Amino acid sequence: MAGVIVGISPVLSVVISSMIANANECVLHEGYTNPCIIAGNDIGGLLGAMFIFGWFMLVSIPLGALSIIIWLVAFILKQFFDWRSRTV
């Protein structure tokens, strides 16, 4: 489960920052930080950082997939050895 959370967290960061920027009609891209005033506070830097954090998905998604595969193999092996110990 932790592998899945780690794997998709950069994607969620991009989605959340994009939704906040779109809802408040702010410009959001990877080039540079644009001001985004919400309730009198400029959160453009935060939204930009969250958006750029999405590049970590190039590493986190394969690592998350690898952790799921390792978990699945361990689960299958455990089931096999439990079944084998019951039949002997």
Side-chain angles (χ1 to χ4, degrees):
M1 185 67 177
V4 173
I5 293 170
V6 169
I8 65 170
S9 63
V11 178
L12 291 176
S13 176
V14 170
V15 170
I16 291 170
S17 65
S18 297
M19 288 173 53
I20 292 171
N22 286 336
N24 294 289
E25 299 177 359
C26 298
V27 177
L28 182 64
H29 56 80
E30 297 166 341
Y32 52 89
T33 302
N34 293 303
C36 184
I37 309 298
I38 299 175
N41 296 317
D42 182 12
I43 63 165
L46 175 64
L47 291 178
M50 288 175 65
F51 193 73
I52 292 172
F53 183 68
W55 281 102
F56 285 117
M57 75 178 118
L58 295 173
V59 174
S60 68
I61 288 176
L63 288 177
L66 180 64
S67 70
I68 290 171
I69 291 169
I70 290 171
W71 178 85
L72 186 60
V73 168
F75 178 76
I76 291 170
L77 287 174
K78 181 185 180 315
Q79 296 298 318
F80 173 74
F81 287 117
D82 286 348
W83 169 77
R84 189 169 173 167
S85 67
R86 284 188 304 237
T87 59
V88 172

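Just so you know, these numbers use all the heavy atoms, side chains as well, and skip hydrogens, waters and symmetry mates. Small disclaimer: the values here were computed from a predicted structure and weren't measured. In this chain, numbering begins with 1 at the start of the sequence shown.
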* **Distance in Å, L77 CG paired with R84 CZ, rounded so as to fall on 0.5 Å steps** => 12.0 Å

* Asked: For atom CD of E25, is the number of surrounding heavy atoms from other residues, nucleotides or ligands below 6.0 Å larger than 12?
  -> no

* To do: Can you sort out the partners of F53 under ring pair (Phe, Tyr, Trp, His ring centres under 6.0 Å), two or more places apart, ordered by chain and number?
  => F56

* To do: Look at the rings of W71 and F75 and say which category their plane angle falls in: under 30° parallel, 30 to 60° tilted, over 60° perpendicular.
  => parallel

* Asked: Does S85 reach the main-chain N or O of D82 with its side chain, forming a donor-acceptor pair under 3.5 Å?
  -> yes

* Asked: Can you name the residues that form a side-chain contact (heavy atoms from CB on, under 4.5 Å) with I16, not counting sequence neighbours?
  -> I20, M50

* Asked: What about M57 and F51, same hydrophobic cluster or not, with Ile/Leu/Val/Met/Phe/Trp/Tyr joined at side-chain heavy-atom distances under 4.5 Å?
  -> no

* Asked: What closest approach, in Å, do G7 and S60 show between heavy atoms, and which atom pair accounts for it?
  -> O-OG, 3.2 Å

* Are any side-chain N or O atoms of D42 and backbone N or O atoms of C36, one a donor and one an acceptor, separated by less than 3.5 Å? -> yes

* Just how far is it from atom CG of L63 to atom OG of S67, taken to the nearest 0.5 Å? -> 8.0 Å

* Straight-line distance of I52 CD1 to L47 CG, nearest 0.5 Å -> 11.0 Å

* Rounded to the nearest 0.5 Å, what's the gap from SG on C26 to CD1 on I38? Could you check? => 5.0 Å

* Asked: Which value, rounded to the nearest 0.5 Å, describes the distance between N22 atom CG and L28 atom CG?
  -> 8.0 Å

* Asked: Do V14 and L46 share a hydrophobic cluster, counting only Ile, Leu, Val, Met, Phe, Trp and Tyr and linking them when any side-chain heavy atoms are less than 4.5 Å apart?
  -> yes

* Asked: If you measure from CD1 on I8 to OG on S13, what distance do you get to the nearest 0.5 Å?
  -> 12.0 Å

* Asked: Would you say M19 and I43 are hydrophobically clustered, going by side-chain heavy atoms of ILVMFWY under 4.5 Å?
  -> no

* To do: Could you pull out all residues at least two apart from W55 that satisfy side-chain hydrogen bond (donor to acceptor under 3.5 Å, both in side chains)?
  => E30

